[in-house]
Novice: 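Questions regarding the structure given below will be posed in turn.
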Amino acid sequence: MKIYAPWEKTFKRIATPFEHYLHSQMTTGLVLMFMTVLALILANTSLVDAYTHFFHTKIDFNVGDWKLSHTIHHWINDGLMAIFFFMVGLEIKREILVGELSNIKVAILPILSAIGGMILPALIFLYINAGGEGANGWGIPMATDIAFAISVLVLLGNRVSPALVTFLVALAIVDDLGAVSVIALFYTEQINMLPLGLAGVMFLVMLSFNRFGIHAILPYFIAGIFLWFFMLESGVHATIAGVIAAFTIPSRPKLAPIAFTQSTRNLLNEYDSYPIATDHTMHENQKAILLNIKDTIDSVSTPAARLEHDLHLPVSLIVIPLFALANAGISIDFSSIGDTIIEPVSLGVIAGLVFGKVLGIAGVAWASIKLGIAKLPEGSNMSQVFGVAFLGGIGFTMSIFVADLAFAGNEALIFQAKVGILSASLFAGLFGYFWLRFIASKS
């Protein structure tokens, strides 16, 4: 029996992989919203000490004299989030190979808009924080939270065209690729070359698995664990291992679709050749045929597609919610919240995510269309693109992740960044929704 999240039952009828992807992102968005509210409640009630103590509890792994010791918070951010980044890597690879980014004529608008939506927020943040201790946080407002942004569009239903949804998905994928690159290149303080070299060896091992046509998941999993560990020890953020590993997973099926059709038809004919027993049990040979059919189905689907499908529920219901619970809990003194928001870091994040994202995405999109480089998504208008640009300002998951890296050890700046992220994401999400719901739909 297939397991669905409670709110996914209404989507059983969804047939296409893209629609499954959209609603899996909506699932993530809804759970993420709940866990964010829960984290804020825990951090601002009498439970704050228990909440803080739990996530600062250490978990150790010992083998002889070797020891790996981190807090639960650290294991979530460096361990479980590697699975999230692995999913991001699979999504990026799929979009490049067979998705919206595979056709440059279609992809040019979201690619250019995403670049504008990354560069301008970073510049605005740097302008506000120039010469200050928070300048290193320029990468925080560059990111878009794909789960929250898509959740808003799905809630709007047929008020937005499918092409506009596809535009946002492609834009967010490019945005994720940019965020991963920024983390790898600019938020690595010290590199240990030996572990990094060993991580490179494990990457080559996984590539060789792909090259030699290995479709079983286990070899990739074992090599991926070593890749993650060596990346952790190298100083490069361990979650990057998830993205690198994803690019080694085979995206071609072992069995061609035409061969699958013929093989399955032959097996079904053989299955039907056996009489059905009176007690409705199967002949032993029929059981073997069913196993062969299952293997045939696995052969026509790619390991990358199977992993992306199988991981979406645990990532949606475990990994991302735990990240939100561990990172969104900030104790807010409402009497001084006004002073916090106008701090350079908070102000830079808010201005970057709200104004920077909108001007970067919508501005570049408008210029690209006027210059004839790209064209509007089918069935949409610039007013709707403007609304989607606001949704690009929802920077929750990746922005918090970058904030923790940029200001590691400086709790005051992390707090200011998180206040800015939560404020900007809430405003951008609500404004984008109401714009698309009541204003853009009349354009």
Side-chain angles (χ1 to χ4, degrees), residues 25 28-29 32-33 36 77 81-82 84-85 87-89 91-92 95 110-111 113-126 129 134 136-152 168-188 237 239-240 242-243 315 319-320 323-324 327-328 345-346 348-361 364 388-408 413-414 416-429 432:
Q25 293 297 335
T28 305
L32 197 54
M33 192 179 301
T36 301
N77 284 18
M81 284 298 285
F84 165 74
F85 275 83
M87 281 280 294
V88 169
E91 291 167 1
I92 292 171
E95 286 294 316
I111 289 174
S113 299
I115 293 172
M118 288 186 284
I119 293 176
L120 198 56
L123 292 177
I124 289 175
F125 184 94
L126 278 174
N129 286 270
N136 194 45
W138 57 269
I140 298 171
M142 293 176 67
T144 294
D145 193 295
I146 188 170
F148 270 140
I150 289 177
S151 296
V152 176
L168 177 61
V169 170
L171 183 147
I173 293 294
V174 176
D175 196 287
D176 280 344
L177 182 59
V180 168
S181 302
V182 166
I183 291 170
L185 296 174
F186 299 101
Y187 291 112
T188 299
H237 204 272
T239 51
I240 301 300
V243 179
V315 169
V319 176
I320 299 300
F323 174 81
N327 291 275
V345 170
S346 299
V349 171
I350 293 171
L353 282 175
V354 177
F355 300 108
K357 279 290 184 182
V358 172
L359 294 174
I361 295 172
V364 170
V388 167
F390 259 100
L391 299 185
I394 305 175
F396 189 82
T397 306
M398 201 72 82
S399 292
I400 290 178
F401 195 84
V402 174
D404 283 331
L405 296 178
F407 302 135
L413 293 184
I414 291 176
Q416 292 171 23
K418 288 183 178 180
V419 168
I421 293 166
L422 292 174
S423 303
S425 297
L426 180 62
F427 176 81

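Computed from heavy atoms alone, side chains included, the values below leave out hydrogens, waters and symmetry copies. All values reported here derive from a predicted model rather than from experimental measurement. If you read the sequence from its start, that first residue is 1, and numbering goes on from there.
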Novice: Please name the pair of heavy atoms, one in Thr144 and one in Leu391, separated by the smallest distance, quoted to 0.1 Å.
Specialist: CG2-O, 4.2 Å
Novice: Might you point out which heavy atoms bring Ile350 and Ser423 nearest each other, and give the distance in Å?
Specialist: CD1-CB, 4.2 Å
Novice: Donor-acceptor check, side chain of Asn129 to backbone of Phe125, threshold 3.5 angstrom: yes or no?
Specialist: yes
Novice: Flag the pair Val354 / Phe390 as yes when at least one side-chain heavy-atom distance between them is below 4.5 Å, and no otherwise.
Specialist: yes
Novice: Any donor-acceptor pair under 3.5 Å linking the side chain of Ser399 with the backbone of Ile140?
Specialist: yes
Novice: Evaluate the criterion side chain to side chain contact (heavy atoms under 4.5 Å, CB included) for residue pair Met33 and Phe148; output intermediate values, then yes/no.
Specialist: CA-CA 8 Å; Met33 192 179 301; Phe148 270 140; 3.9 Å; yes
Novice: Could you check whether any side-chain heavy atom of Leu32 comes within less than 4.5 Å of a side-chain heavy atom of Phe396, counting everything from C-beta outward?
Specialist: yes
Novice: Could you pull out the closest heavy-atom pair between Gly429 and Ile394, with the gap in Å?
Specialist: CA-CD1, 3.6 Å
Novice: Less than 6.0 angstrom separating the ring centers of Phe401 and Tyr187, yes or no?
Specialist: no
Novice: Under 3.5 Å, side chain of Ser113 to main-chain N/O of Val364, donor-acceptor pair present?
Specialist: no
Novice: For Gly116 and Pro121, work out which heavy atoms get closest and say how close.
Specialist: O-CD, 3.8 Å
Novice: Would you indicate whether the side-chain heavy atoms of Val349 and Val419 approach each other to under 4.5 Å?
Specialist: no
Novice: Do the side chain of Asp176 and the main chain of Val88 share a donor and acceptor less than 3.5 angstrom apart?
Specialist: no
Novice: Using the rule side chain to side chain contact (heavy atoms under 4.5 Å, CB included), only one of Ile421, Thr397, Ile183 pairs with Val402; which is it?
Specialist: Ile183
Novice: Pair Lys418, Asp404 - check side chain to side chain contact (heavy atoms under 4.5 Å, CB included), show working.
Specialist: CA-CA 9 Å; Lys418 288 183 178 180; Asp404 283 331; 3.9 Å; yes
Novice: Would you say that Met398 contacts Val182 through its side chain, given a criterion of any heavy-atom pair below 4.5 Å between the two side chains?
Specialist: no
Novice: Given Met81 and Phe323, is the side chain to side chain contact (heavy atoms under 4.5 Å, CB included) satisfied, shown in steps?
Specialist: CA-CA 8 Å; Met81 284 298 285; Phe323 174 81; 3.7 Å; yes
